[in-house]
Each structure stands twice: as structure tokens, then as C-alpha cells.
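These notes concern the structure reproduced below.
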Amino acid sequence: MKFLIINGPNINMLGIREPDIYGKEDYAALLRLCTETCESIGVEAELFQSNHEGAIVDIIQDSYGKIDGIVINPAAYTHTSIAILDALKAVAIPAVEVHISDVSQREAFRQLSYAGMACIKTFMGLGLEGYRQAILYLKEYVEK
Ligand code: DQA
């Protein structure tokens, strides 16, 4: 089983970026957490981060026929990108949405998630732990 873990713009700035909202752990710590979680359940992990919407669409398209599940934090593109929503729908691979912060308690412009419309579940407000829960949830879902 192979999962693709996608992070959108500015997630590579974790640890530096607004630590009161996103925490003090950096992107390397996030990669370690995702890699170790996947290893612990026998899932192969492909990790991808981009600040570019089209690059995220491309990797979702490329995953068709190769990937069993997608964990995605589209970051700011969550609230704007119909292209990412359409790509997730096009490949129809089970996907779980993650947000480090609790977007439901933040600004009005963060209340809409396009990508979330193509996801089976969303974890938000759990910090990096949300990725661990998303991976475990997806493994159970794909196995059933
Ligand atoms: C985020 C929430 C988004 O609103 C924001 O643009 C991000 C990160 C999160 O993980 O909490 O970049 O997706």
C-alpha cells in the first residue's frame, strides 16, 4: 500500500511561520512524523510539498494507478482551488484533508474548503498529530 502526502504553500515554513498558530515544530519534523507513522503500519510514503497550485494538480494526476490513498493539506489553496478539487475527483483516490490549525475558528475566508469536498474526512486543529491520525484513518479505510 502506498500513500501520497501533499502539503501546499508555506507548509515548508513550519517552525518559522506564525508559531502561535502552527506550532514550533518545523517541516522536517512533519516529514519524520509522516514517514515514521507510515513505516509503523507498513505503508510506503511519498511526501510532496509545493507552493504552486499546478504542481499539486500534476502530482495528484500522476498518482492515478500508483497511489492507494492521499493525505492532503492544501494550505491556502484549500479555500481557493477548484483545480485541486477537480484533480482529486478525477483520480478518485481516497483522500483525507488535514489542517494544522482549527480553521473553523479562524477568519471567514477560511470557512470554505474546496478540496474537502472530495475528501472522506478532515482532521483539523490537532497540530502535526492530525497527519498521524489522517494516515491511520486512511489505512483502515483503504483496507476495508
Ligand atoms: C492551514 C490553514 C489554511 O487556512 C492556511 O492558509 C494554511 C495552513 C492549516 O494547516 O491550518 O496555510 O491549511
Side-chain angles (χ1 to χ4, degrees), residues 1-39 41 43-142:
M1 192 181 297
K2 186 167 180 185
F3 288 175
L4 171 64
I5 298 161
I6 302 173
N7 280 290
N10 301 304
I11 301 297
N12 56 316
M13 295 294 284
L14 281 181
I16 298 165
R17 172 190 191 200
E18 300 180 272
D20 46 321
I21 297 175
Y22 299 111
K24 291 192 178 120
E25 289 189 282
D26 62 8
Y27 181 61
L30 173 59
L31 294 184
R32 275 197 303 277
L33 180 145
C34 291
T35 305
E36 284 169 15
T37 304
C38 284
E39 266 174 21
I41 54 172
V43 168
E44 203 184 328
E46 182 177 339
L47 301 150
F48 179 80
Q49 188 276 331
S50 180
N51 297 322
H52 304 279
E53 183 178 15
I56 296 170
V57 170
D58 285 344
I59 195 139
I60 293 169
Q61 289 186 5
D62 288 348
S63 68
Y64 182 71
K66 300 177 198 155
I67 293 288
D68 304 294
I70 295 174
V71 171
I72 183 163
N73 181 351
Y77 291 138
T78 305
H79 319 298
T80 61
S81 181
I82 298 166
I84 293 173
L85 166 64
D86 285 348
L88 290 170
K89 284 175 133 177
V91 297
I93 295 167
V96 175
E97 178 185 25
V98 177
H99 297 288
I100 297 164
S101 66
D102 184 358
V103 285
S104 74
Q105 301 300 312
R106 297 183 64 192
E107 301 94 327
F109 62 82
R110 295 186 206 273
Q111 299 314 307
L112 177 62
S113 170
Y114 287 106
M117 295 174 195
C119 291
I120 55 171
K121 188 156 175 84
T122 299
F123 292 90
M124 65 167 78
L126 302 173
L128 302 193
E129 166 65 14
Y131 288 83
R132 202 179 67 82
Q133 293 199 18
I135 291 164
L136 299 178
Y137 182 91
L138 195 53
K139 169 92 185 321
E140 286 224 345
Y141 182 91
V142 172

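Scope of the values below: all heavy atoms of this structure, side chains included, with no hydrogens, waters or symmetry mates.
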Do you know the tightest heavy-atom contact between Ala134 and Val96? CB-CG1, 3.6 Å
Derivation of the side chain to side chain contact (heavy atoms under 4.5 Å, CB included) call for Ser113 and Thr122: CA-CA 10 Å; Ser113 170; Thr122 299; over 6 Å; no
For the residue pair Pro74 and Pro9, what are the closest heavy atoms and their distance? O-CD, 3.6 Å
Using a cut-off of 6.0 Å, state whether more than 12 heavy atoms not belonging to Lys24 lie near its atom NZ. no
Might you work through the side chain to side chain contact (heavy atoms under 4.5 Å, CB included) test for Thr37 and Tyr131, ending with a clear yes or no? CA-CA 9 Å; Thr37 304; Tyr131 288 83; over 6 Å; no
Can you check whether Ile56's main-chain N or O pairs, donor with acceptor, with Gln61's side chain at less than 3.5 Å? no
Kindly compute the distance separating CZ (Arg17) from CG (Asn12), expressed to the nearest 0.5 Å. 9.0 Å
Should the ring pair His79 and His99 be called parallel, tilted or perpendicular, given that the plane angle runs from 0 to 90° and is split at 30 and 60? parallel
Please test Ile6 against Ile84 for side chain to side chain contact (heavy atoms under 4.5 Å, CB included), starting from the C-alpha separation and ending with a verdict. CA-CA 11 Å; Ile6 302 173; Ile84 293 173; over 6 Å; no
Side chains of Leu4 and Ile93 in contact at under 4.5 Å (non-hydrogen atoms): no
With no hydrogens and no angle check, is any side-chain donor or acceptor of Ser81 less than 3.5 Å from a backbone partner on Thr78? no
Drop me the distance from Ile100's CD1 to Leu14's CG, to the nearest 0.5 angstrom. 4.5 Å
Taking every heavy atom of Gln111 against every heavy atom of Val103, the minimum-distance pair comes out as NE2-O, 2.8 Å
Rounded distance (nearest 0.5 Å) linking atom CE of Met124 with atom CD of Gln105: 9.5 Å
With a 3.5 Å cut-off and no angle check, do the side chains of Asn51 and Glu53 form a donor-acceptor pair? no
Which pair of heavy atoms, one from Leu85 and one from Tyr114, lies closest together, and at what distance? CD1-O, 3.2 Å
Minimum heavy-atom separation for Tyr22 and Ser101, please, with both atom names. CE2-OG, 4.0 Å
Report the residue from Ile70, Ile5, Ile67 that forms a side chain to side chain contact (heavy atoms under 4.5 Å, CB included) with Glu46. Ile67
Any chance you could lay out the side chain to side chain contact (heavy atoms under 4.5 Å, CB included) test for Leu112 and Met117, step after step, and finish with the verdict? CA-CA 10 Å; Leu112 177 62; Met117 295 174 195; 3.7 Å; yes
Within a 6.0 Å radius of atom CD on Glu25, are there more than 12 heavy atoms belonging to other residues, nucleotides or ligands? no
Gap between atom CD of Glu44 and atom CG of Asp68 - 0.5 Å precision: 9.5 Å
Identify each donor-acceptor pair in which a side-chain atom of residues 135-142 lies under 3.5 Å from a protein atom, sequence neighbours left out, and give them as a table.
| from | atom 1 | to | atom 2 | distance (Å) |
| --- | --- | --- | --- | --- |
| Lys139 | NZ | Ile41 | O | 3.3 |
| Lys139 | NZ | Glu143 | OE2 | 2.8 |

If you take all heavy atoms of Asn73 and Val98, which pair is closest and at what distance? CG-O, 3.0 Å
In Å and rounded to the nearest 0.5 Å, what is the CE to CD distance from Met13 to Gln49? 10.5 Å
